[in-house]
Enquirer: 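To start, I am sharing the structure in question, which I have written as structure tokens.
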2 protein chains.
Amino acid sequence: MHGHQTISSGELAAQGGTTSAQVRKDLSFFGSFGKRGLGYSVSALSSSLREILGLGRQWNVVIVGAGKIGAALAQYEGFRDRGFKVVGVYDEDPARVGGTLDGVVVRDQRELESDIMKLKPHIALIAVPAEAAQTLVDRVVKAGVRAILNFAPTPLTVPEKVTLRSVNMALELEILSYALVNAGE
Amino acid sequence: MHGHQTISSGELAAQGGTTSAQVRKDLSFFGSFGKRGLGYSVSALSSSLREILGLGRQWNVVIVGAGKIGAALAQYEGFRDRGFKVVGVYDEDPARVGGTLDGVVVRDQRELESDIMKLKPHIALIAVPAEAAQTLVDRVVKAGVRAILNFAPTPLTVPEKVTLRSVNMALELEILSYALVNAGE
DNA sequence: GCGGGCTTGTGAATGATTTCACAAGGTAAC
DNA sequence: GTTACCTTGTGAAATCATTCACAAGCCCGC
């Protein structure tokens, strides 16, 4: 981005929308990468972080639900760029099964367990209606998936060994709504 | 959901995936809605919250960017259900302009300012590549939008009077990646 | 109307996160 | 080599958020 060989915590903070102290504290959690008086070597820091975050390797991902959100996820370049490969898309609706999303064939949700055993995906993205989400999470967890990113607007429970994160777009809009109502106060 | 007329903080917590103390603390920020010994009246609480969060009224939304994510957002029922109405979708690409997404015609990004002046949308959803995001945010802010939900994977800056929230799906995956790498520790 | 059993609302305690502030270490110019 | 100047890494302080715990209030049965 810049021609710099090296970058200071302050510059990183400006780029990331945070503070220099925050950046240094965060990085110090993993170790000490910088040189005092100079800053951080861009290339060394970048590869250390890739290593630490596990972005060097390829992660296989299955998408459960081929509706609007599932389709958008399947086609999202941001994932591929970071080493996340969509190895399967699943849906319940016969009308969708057999179609393709960005080169991946939509398979029947009944194949989920057997496919997971075979493909051993690391991550499952849940993009189904709220009512169906917990059931499908239980199924993918039982089949061996250990990391889940949930897009259904409902809280889910998983065993302790499984990592779950949720993205709730409707909630984000409600927060904006609240901010608008209370704007002038 | 239940036939109850009234609901306790504990039940709300279970549904929302949190704790009863948390629920009570959060609600107490807005006022005091419950009856001791009994709980909260479902209908009264529901309408109070709708009022406070501004969900009673309709909010007009424009979507900037008619790519994968923009299209998914335009078609997302979760928004309409909560009173958010998509009044415009904009793109730069002539191949997309003129097409329709869920009944809304995709318009040329050059019309953005004049349309915003006319339609007075309350919220803009930014669904363009990272490089273009700041420029478009500046444009919609200048045209009068005061609340922005950003889906581009980049930090943005807005004037203080504007509320900005960001959803970063790639970052969510990176966090999962880190969790997987450090699973057994 | 009184007592037992719930549940709220909220201070106080605890825990987590962010910011401050500065010694220690490094660069670069002379 | 020495000096002037930067920037990191990190304890300590401050801020923010969550959890605890309990008095106060309300319902209901008798």
Enquirer: Could you tell me if A:S177 and A:E174 have a donor-acceptor pair between their side chains, going purely by distance under 3.5 Å?
Expert: no
Enquirer: In this structure, how many angstroms lie between the C1' atom of D:dT19 and the CG atom of B:D26, rounded?
Expert: 12 Å
Enquirer: Can you check whether A:Y40 has a side-chain N or O nearer than 4.0 Å to OP1 or OP2 of D:dC6?
Expert: no
Enquirer: If you only use heavy atoms from C-beta on, which nucleotide in C:dG9, C:dT27, D:dT8 is closest to the side chain of A:S8?
Expert: D:dT8
Enquirer: A:F29 has an atom CZ; how far is it from atom C1' of D:dT10, in whole Å?
Expert: 15 Å
Enquirer: Provide, to the nearest angstrom, the distance between the CG atom belonging to B:L38 and the C1' atom belonging to D:dA24.
Expert: 15 Å
Enquirer: Indicate whether the side chain of A:E172 and that of A:N168 have a donor and an acceptor atom separated by less than 3.5 Å.
Expert: no
Enquirer: Hydrogens and angles aside, do A:Y76 and A:D102 bring a side-chain donor and acceptor to less than 3.5 Å of each other?
Expert: no
Enquirer: Between A:S9 and D:dT8, is there a side-chain N or O to OP1/OP2 distance below 4.0 Å?
Expert: yes
Enquirer: Is there a donor-acceptor pair closer than 3.5 Å between any side-chain N or O of B:Q5 and the backbone N or O of B:S41?
Expert: no
Enquirer: So which of A:I148, A:L149, A:V61 actually passes side chain to side chain contact (heavy atoms under 4.5 Å, CB included) with B:L176?
Expert: A:L149
Enquirer: Which residue, B:G10 or A:G37, contacts DNA chain C at a nucleotide closer to its 5' end, judged by nearest heavy atom?
Expert: B:G10
Enquirer: Check the phosphate of D:dT19 against B:Q22, side-chain N and O only, distance under 4.0 Å to OP1 or OP2. Yes or no?
Expert: yes
Enquirer: Could you give the CZ-to-P distance, from A:F33 to C:dG26, as a whole number of Å?
Expert: 17 Å
Enquirer: With a 3.5 Å cut-off and heavy atoms only, can you find an N or O donor on one side and an acceptor on the other between the side chain of A:R36 and the base of D:dT8?
Expert: yes
Enquirer: Have a look at B:T19 and say if it touches a base, only the backbone sugar-phosphate, or nothing, with a 4.0 Å heavy-atom cut-off.
Expert: sugar-phosphate
Enquirer: Is A:K35 side chain donor-acceptor paired with the D:dG9 base, going by distance under 3.5 Å alone?
Expert: no
Enquirer: Taking atom P of D:dT7 as reference, at what distance in whole Å does atom CD1 of A:I7 sit?
Expert: 12 Å
Enquirer: Tell me: CZ of A:F30 to P of D:dG9, nearest whole Å?
Expert: 13 Å
Enquirer: Whole Å only: how far is the CZ atom of A:R24 from the C1' atom of C:dC22?
Expert: 10 Å
Enquirer: Please state how far atom NZ in A:K25 lies from atom P in D:dT15, giving the value in whole angstrom units.
Expert: 16 Å
